[in-house]
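Ligands are counted one by one from 1 in listed order, and the atoms in each one are counted from 1 as well.
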Amino acid sequence: MSLTSCTLLVTRQETRSLALSPSLREQLELDNVRSVVLRVGSLNATVPLRTFNRKGEYAVLSSSLASTLKLPSSGKCMIRSSGTRELQVGPLIGVLTAVSNHPTQPFGPRTAYIRELMEAGKNRSFFFAFSPQSVNWETETVTGYFPSPGGSWVRKTIPLPDVVYNRLPNRTAEKTAALREFKEKFVQRKIPIFNWSFFDKWEVYRLLDGDRDASQHVPDSQINPSSEDIRKMLDRHRFIYLKPTAGSLGYGIFRLTLNPGKGYFLRYRKDGSNVLLRFPKFDGLFNMLRKLKLKMSQYVAQQGIRLIEIDGCPIDFRFHLTKNGRNEWVVAGVGAKKAGKGSVTTHVRTGGQLMVPEYALSATQGELADSTFQKAKDVAIKLAKAIEREYPHRLGELGLDLGIDQSDNVWMFEANSKPGRTIFKHPQLKQQGKDASANLFEHFLYLSRFSDRRE
Ligand SMILES: Nc1ncnc2c1ncn2[C@@H]1O[C@H](COP(=O)(O)OP(=O)(O)O)[C@@H](O)[C@H]1O
Ligand SMILES: [Mg+2]
């Protein structure tokens, strides 16, 4: 295989033809070849191969060939030859997401991130976003949105992509049989797709059950806890969290505490403020949970972890992991989050404050800050590898919510398969956000085989 970058030109010619500049022809080892199969995404065509006399790396397609192959545009991209008669230009990278007809924000709040990601692949790929509705499986084509200058987007009908990055935003919709079958169609066509779908907290804890090394970092947890389970867990751990297994952003989370001599305490967020209730007996506490209409079958009870604190407020961490061009997990960025006063979670939405991890750790760990940070990074990689090993679908990105307790142990509260980008809004973490996008792009190259680190 040989791989390089080139500039594509399209001429007005009616017949299908392809010409390569001498230097490109040589690099692709096609010196004595008279015809090739040219592939763009899922479409291909056999064409005679000619030489285009110009210095540099150029491939010239006739307009008829470009339209047969539904080439998204001329300009710079990658080109690879596999074997002696096959050429492929690309890669075509598709971000799968929900699309509206808004002129500048067609992907809603995800638009800015999708544009930033596309920036990482500029001049080296054809990067577009598409919705499940825009795929035509019969013609193997898709209508994709391409970024254009000035913040607008252009729609083009193109072949199916070489790799799919799933950023569908709706947890419930994604569970439907229709969407599952839709995603399976890429797998059947051997088009790599990640991340498969949103995670469920309990599902991830269970995945790690068989892996002792990884599961030691998961707090003691129980799905669908009975009142007896909750009472026992409170006796054992003194405080516990009740969290919706399919929840996010801290919604629906309760903290229960047993303080011998003082009774039971319940903390949660209601209508924008923090509530703290006290009950002399367990029954009072449980009645309150009943009144709050918690659907216990959808809830996980979890051992509370005594997190390190700044100014009496707990701190935890978001570890944003991506795979890279060598298919390895890397910690692309880490944000620390300090809980708002009286809040049960560290989300910015509930008064949480975002900070750089080095600052948070040196304030709490002093001289041990560096070694604790390194240890947490190692645990994050270990957890990512374990989740990937046990999970039946491809993974390429993970957001792990990790806590460090007062004895320096690292705990995982949840794994997010479609992590948000809030931590990268911090001025000192912006570069890490760019790094995460650059890693992901390298991983797309790896998955689409437009990488010399593969084959
Ligand atoms: N077992 C726990 N012990 C201590 N704090 C926890 C525990 N579980 C969750 N938290 C706190 O609540 C936050 C939100 O929990 P998480 O499991 O990430 O749910 P969500 O999906 O709502 O983000 C965590 O970031 C952490 O600050
Ligand atoms: Mg979380």
Sub-4.0 Å heavy-atom approach of G304 to ligand 1: yes
Aromatic ring pairing F444/F441, orientation class (parallel under 30°, perpendicular over 60°, tilted between): perpendicular
Which atom of N195 lies closest to which atom of K418, heavy atoms considered: O-CE, 4.4 Å
K430 atom NZ, neighbour heavy-atom count above 12 within 6.0 Å: yes
Sub-4.0 Å atoms of ligand 1 with respect to non-hydrogen atoms of I253: 14 (C), 15 (O), 19 (O), 22 (O)
Region of V344 engaging ligand 1 - heavy atom pairs below 4.0 Å: backbone
Within 45° cone and under 6.0 Å: R155 NZ/CZ vs W153 ring: no
Within reach of ligand 1, part of D316 (heavy-atom separation under 4.0 Å): side chain
Interfacing atoms of ligand 1 (cut-off 4.0 Å, heavy-atom, T345): 12 (O), 13 (C), 14 (C)
Shortest protein contact, atom 3 (N) of ligand 1 (heavy atom only): I305 N, 2.9 Å
Ligand 1 atoms in contact with H347 (distance to a heavy atom under 4.0 Å): 14 (C), 22 (O), 23 (O)
Test side chain to side chain donor-acceptor pair (under 3.5 Å) applied to Q302 and W411, Y241, Y205, the passing residue: Y205
Candidate pair F199 and Y391, rule ring pair (Phe, Tyr, Trp, His ring centres under 6.0 Å), full reasoning: CA-CA 10 Å; F199 282 157; Y391 190 61; 5.2 Å; yes
Lys/Arg N to Asp/Glu carboxylate O, D162 vs R449, below 4.0 Å: no
For K201, atoms of ligand 1 separated by under 4.0 Å from a heavy atom: 16 (P), 17 (O), 19 (O), 20 (P), 21 (O)
Numbered atoms and elements of ligand 1 in range of K243, under 4.0 angstrom, heavy atoms: 8 (N), 9 (C), 17 (O)
Chi angles and distances behind the ring pair (Phe, Tyr, Trp, His ring centres under 6.0 Å) call for H102, F107: CA-CA 8 Å; H102 192 285; F107 324 118; over 10 Å; no
Ring centre gap for W196 and F186 strictly below 6.0 Å: no
For ligand 1, the portion of I240 having any non-hydrogen atom under 4.0 Å away: neither
Distance-only polar pair, side chains of R269 and T350, donor-acceptor under 3.5 Å: no
Name of the D401 atom (N/O/S only) found closest to the Mg ion (ligand 2): OD2
Any donor-acceptor pair under 3.5 Å from N324 side chain to E328 backbone: yes
Protein contact of atom 22 (O) of ligand 1 - nearest heavy atom, named by residue and atom, plus distance: G250 N, 2.6 Å
Under 4.0 Å to a heavy atom of G247 - the qualifying atoms of ligand 1, by number: 21 (O)
Atom 2 (C) of ligand 1 [closest protein heavy-atom partner, distance rounded to 0.1 Å]: F413 CE2, 3.3 Å
Where ligand 1 meets T346 - atom numbers and elements under 4.0 angstrom, heavy-atom basis: 25 (O), 27 (O)
Ligand 1 versus D401: contacting region, heavy-atom distance under 4.0 Å: side chain
Proximal candidate to atom 4 (C) of ligand 1 [heavy atom criterion; set F239, Y241, F199]: Y241
Q303: numbered ligand 1 atoms lying under 4.0 Å from its heavy atoms: 1 (N), 2 (C), 3 (N)
Distance from atom 20 (P) of ligand 1 to nearest protein heavy atom, with residue and atom: E414 OE2, 3.3 Å
Sub-6.0 Å ring centroid separation between Y268 and F254: yes
The Mg ion (ligand 2) to E414: nearest N/O/S atom name: OE2
